[in-house]
Enquirer: 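Starting off with a structure, shown below.
Since the structure is predicted, the reported quantities are computational estimates derived from the model, not experimental observations.
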Amino acid sequence: QVQLVESGGGLVQAGGSLRLSCAASGRTFSRYYMAWFRQAPGKEREFVAAISKLGVSTDYAGSVKGRFTISRDNAKNTGYLQMNSLKPEDTAVYYCAVDEDYGLTRHSGQYDYWGQGTQVTVSS
């Protein structure tokens, strides 16, 4: 098993930046594809970004492409989501998740392990 803990959320003005971290413990982090999802109040959880095991390949939702960057440092067992040019519609709880087998999938049901989430609030 792997345990995931997100951090770095907070309150930021529109146009600002935040960097989220996802610290992994347990099994070797590099065994897993990693993704970020988010869930706003009253909405379904949605895919944000994903990264391959060695960080070579990435995938982004259209709504964040060009503003967010996913990365990972396997030596530190940590994944990141750099969020720039934040908008009020980015307000949500952000979750990191990992999966060993399905690749860069956007489907939340194919991720095996999840963190508890970190709140991001963007004020206008």
Enquirer: Strictly distance-based, threshold 3.5 Å: is any side-chain N or O of Lys53 a donor or acceptor partner for the main-chain N or O of Arg31?
Expert: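 Yes.
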
Enquirer: Do we see a donor-acceptor contact under 3.5 Å between the side chains of Asn84 and Ser17?
Expert: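 Yes, side-chain donor-acceptor contact under 3.5 Å.
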
Enquirer: Answer with yes or no whether the hydrophobic clustering places Ile51 together with Tyr60; edges join I, L, V, M, F, W, Y residues whose side-chain heavy atoms lie under 4.5 Å apart.
Expert: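 As far as the 4.5 Å side-chain criterion goes, Tyr60 and Ile51 are connected within one cluster.
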
Enquirer: Has Thr78 got a side-chain atom pairing as donor or acceptor with Lys76's backbone, closer than 3.5 angstrom?
Expert: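 Flag set: sc Thr78 to bb Lys76 pair under 3.5 Å.
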
Enquirer: The criterion is side-chain hydrogen bond (donor to acceptor under 3.5 Å, both in side chains); which residues satisfy it with Thr105, sequence neighbours excluded?
Expert: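 Partners of Thr105 by the side-chain hydrogen bond (donor to acceptor under 3.5 Å, both in side chains) criterion, ordered by chain and then number, come out as Gln110.
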
Enquirer: If only atom types and distance count, is the side chain of Thr91 paired as donor or acceptor with the main-chain N or O of Val122 below 3.5 Å?
Expert: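 Yes; judged by distance alone, with no hydrogens or angles, the pair exists.
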
Enquirer: Measuring from Glu6:CD to Cys96:SG, what's the distance to the nearest 0.5 Å?
Expert: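 So the gap between those two atoms works out to 4.0 Å.
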
Enquirer: Test Phe68 against Gln82 for side-chain contact (heavy atoms from CB on, under 4.5 Å), laying out the working first.
Expert: CA-CA 5 Å; Phe68 291 10; Gln82 177 67 43; over 6 Å; no

Enquirer: Between Thr121 (side chain only) and Leu11 (backbone N and O only), is there a donor and an acceptor less than 3.5 Å apart?
Expert: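 Side chain of Thr121 to backbone of Leu11: no pair is present.
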
Enquirer: To the nearest 0.5 angstrom, please state how far the CG atom of Asp101 sits from the OH atom of Tyr111.
Expert: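 It comes to 11.5 Å.
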
Enquirer: Rounded to the nearest 0.5 Å, what separates atom CZ in Phe29 from atom CG in Leu4?
Expert: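 Here the rounded value is 7.5 Å.
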
Enquirer: Do you reckon Trp36 sits in the same ILVMFWY cluster as Leu86, going by side-chain contacts under 4.5 Å, direct or chained?
Expert: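 Yes, it is one cluster - the side chains of Trp36 and Leu86 are joined through contacts under 4.5 Å.
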
Enquirer: Let me confirm one number: the CZ-CG distance from Arg38 to Leu81, rounded to the nearest 0.5 Å.
Expert: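 Nearest 0.5 Å value for the CZ-CG distance: 9.5 Å.
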
Enquirer: Among Val12, Thr69, Val120, find the one that has a side chain to side chain contact (heavy atoms under 4.5 Å, CB included) with Met83.
Expert: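 Among the candidates, only Val120 passes.
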
Enquirer: Between Glu46 and Arg106, does any NZ, NE, NH1 or NH2 come within less than 4.0 Å of an OD or OE carboxylate oxygen?
Expert: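 No.
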
